[in-house]
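Worksheet: the structure to be examined is printed underneath.
Values below: every heavy atom of this structure, side chains too, minus hydrogens, waters and symmetry copies. Remember, predicted model here, so these are calculated numbers, not experimental data. Naming: A, B, ... by sequence-line order, numbering from 1 per chain.
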Number of protein chains: 2
Amino acid sequence: MARVTLKDVATASGVSIATVSFVLNDAAGQTIPAATRDRVRRAAAELGYVPHGMARALREGTSRLVLLNTAGLPPGGSLRSFIEGLEDELDQHGHALLVRHGTGRSGSLRRVVEAAAPRAVIDLAGLYAGTGTDVDDGGWIDGLAAHTATQIGHLASRGHHRLALALPDDPRLARLASLREAHTRQIAEALGLAESVVIRVGDDRAAHRDALDSHPGVTAVAAFDDDTALRVLSGTNRTDLAVIGFDETPHGALWKPSLTTVRIDAAGYGRRAARRALGHDAGDAPVQASRVIVRESA
Amino acid sequence: MARVTLKDVATASGVSIATVSFVLNDAAGQTIPAATRDRVRRAAAELGYVPHGMARALREGTSRLVLLNTAGLPPGGSLRSFIEGLEDELDQHGHALLVRHGTGRSGSLRRVVEAAAPRAVIDLAGLYAGTGTDVDDGGWIDGLAAHTATQIGHLASRGHHRLALALPDDPRLARLASLREAHTRQIAEALGLAESVVIRVGDDRAAHRDALDSHPGVTAVAAFDDDTALRVLSGTNRTDLAVIGFDETPHGALWKPSLTTVRIDAAGYGRRAARRALGHDAGDAPVQASRVIVRESA
DNA sequence: GATGCTAGCTTAAGCGTTTTAGTGCAGCTG
DNA sequence: CAGCTGCACTAAAACGCTTAAGCTAGCATC
């Protein structure tokens, strides 16, 4: 049950550990005949050799881990798919995902970074709260304008002219919310719609119901995400109101009326984020365009 | 920006790296005067020394990572809170959480394990699917009987006598589902209720609606989890039916009727799982008893 | 005044890798 | 046949840490 190391493979195949390392890593600039390569590879497979990530990390100065910091970000819609895509792609390149949901003290992120020496850090929390730095989410934010256009476009095509934009009042989503607001304004203007009303949606249903009621001219609500959309639906007593979500969650389909929403290829963005984190070219990880899932609510 | 190592701290405080290591780890059996300790600790703090987890892992044979394998387990209710508790407690003991949602090939789990040399593996996926081994979920499963009693007890106290148990047809939850079934039967019997009916809830609403309709004597449904409960509510046309969820999710409160459910201290179990993973005594990580969140649906 | 004991250190090995700098040998060149 | 080149490797250092073993000075003991 003990760990199989390079040394074991080396003795088994009658060469030095250096040679084994060269063979298994396909090291460039080494002239090793096919016969030897075969022997080594066979031995490695037979013994079930798996490189020791920590040893490698020590030597190379950086581990094959990528750290994702979500720091208490609400689980909203796609986070899970995003993570799946991310993990999948990392896997494919021999890396693993280290997650910090870390509701705790922010200083501890630094500690984890130094202790785990990750290859890269994806700091969604910072990115979405606006305190962010130069980290990368695979273009998620970049795609936001297009996805917003998908959402608003649908309402426009249904003949709605005066919209409300429902944003969450969660400070952790502050930056995303203000981006969405800007995009919505831009697109509404481009489509020749009336200026949209912004309502804040939190735990207090009465608050956003009142906000909506005070704008009777509004016929449709574009929500920040499905969760926000469901809160709007749940809070309002106007049955004529069209509501569209964003970033599909499974629950929306169960609702009455079932929630029309925008499906975003979160896994695709996850894969892209992974590629960028590893320094690969992101171009070849395609992301599908967002599209409207038409159901009953809009 | 280069990494601060033991060596740096050693030179700064005028001792050897061994001494520094002893001081910083409070090594037993070493006689080091307070003056020296202070000097070392001060230097470490000043330089911002953070131990290199990988180096330590190499030396100690095991890293300060704990691997959680959820392997595509549906995000159901408490998983997130569980993870938060887990991570929080691990943090407190200088460990970090490595997550594999790993929808992919199961063999890759082994690879990750060998590559990351985690201190422990928590294999929820295996545990809940029934293929599980001797891993530990902090007593989550052990507590299941009690939580089920909370749920069924509520229905009984409301005068319901003939129940349906709504289980998901997701094979990944097979073991959990059958456990819940067993517990429900036991408790129902103990409470003197009529034998309960089991219905399977999947994506096809008509199926479980029909199943329910064919048992008109059933006045209440105890669901496997909130998601299942919402599917039942969404599928049925019987307004008199009482439905209670399990393992509270945020969405239930928004529903009409709002979902009565059982709140479980998932974070507590997470913390326990962490303690057990680290080999601490789990006893001193208290878990709150489950309790019913009474809303409109039951 | 040799011996032993303790306090307060230091030395050095070793964890499993990667990688630089060789080494020995065969074959070819001039 | 000395010198060179290319092949097929190997030796050894280094990454940062822990820890067993050792070492020295100072003091107490007989």
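dG16(C) atom P lies 16 Å from atom CG of Leu24(A), rounded to whole Å. Taking atom CZ of Arg3(B) as the reference point, atom C1' of dC17(D) lies 11 Å away to the nearest angstrom. Distance, Leu58(A) CG to dC17(D) P: 9 Å, rounded to whole Å. Atom CG in Leu6(B) sits roughly 13 Å away from atom P in dC15(D) (whole-Å rounding). To the nearest angstrom, P of dG16(D) lies 8 Å from NZ of Lys7(B).
Distances shown here put a side-chain N or O of Arg56(A) below 4.0 Å from the OP1 or OP2 atom of dT18(C). One finds no side-chain N or O of Thr31(A) lying less than 4.0 angstrom from the OP1 or OP2 phosphate oxygen of dC7(D). Close to dG16(C), at under 4.0 Å from its OP1 or OP2, lies no side-chain N or O of Thr5(A).
Counting only heavy atoms from C-beta outward, the side chains of Leu6(B) and Ser21(B) approach each other to under 4.5 Å. The shortest side-chain heavy-atom distance between Arg41(B) and Val23(B) falls under the 4.5 Å cut-off. Side-chain contact between Leu144(B) and Leu176(B) is present, with heavy atoms from C-beta onward closer than 4.5 Å.
Taking every heavy atom of residues 32-48 of chain A and every atom of DNA chain C, no pair lies under 4.0 Å.
Separation of the His147(B) and Tyr269(B) ring centroids falls under the 6.0 Å cut-off.
When the C1' atoms of four end pairs are superposed on the next four at each end of the helix from dG1(C)-dC30(D) to dG30(C)-dC1(D), using five pairs per end, the two resulting axes differ in direction by 80°, to 10°.
The two residues Met54(B) and Ala116(A) have their closest heavy-atom pair at CE-O, 3.2 Å.
A salt bridge links Asp91(B) with Arg100(A): at least one charged nitrogen is closer than 4.0 Å to a carboxylate oxygen. The pair Arg80(A)-Glu84(A) meets the salt-bridge criterion, since a charged nitrogen lies less than 4.0 angstrom from a carboxylate oxygen.
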*Evaluate the criterion side chain to side chain contact (heavy atoms under 4.5 Å, CB included) for residue pair Val99(B) and Leu67(B); output intermediate values, then yes/no.*
CA-CA 6 Å; Val99(B) 177; Leu67(B) 198 160; over 6 Å; no

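Between the side chain of Thr36(A) and the backbone N or O of Ile32(A), no donor-acceptor pair lies under 3.5 Å. Proximity of a side-chain donor or acceptor of Asp8(A) to a complementary backbone N or O of Thr5(A) within less than 3.5 Å is detected.
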*Treat primed atoms plus P, OP1 and OP2 as sugar-phosphate and everything else as base, then score nucleotides 19-29 of chain D 5' to 3': B for base contact with protein heavy atoms under 4.0 Å, S for sugar-phosphate contact only, - for none.*
BB---------

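For the pair Arg37(B) and Phe22(B), the cation does not sit on the ring face, since its NZ or CZ is not both under 6.0 Å from the ring centre and inside 45° of the axis.
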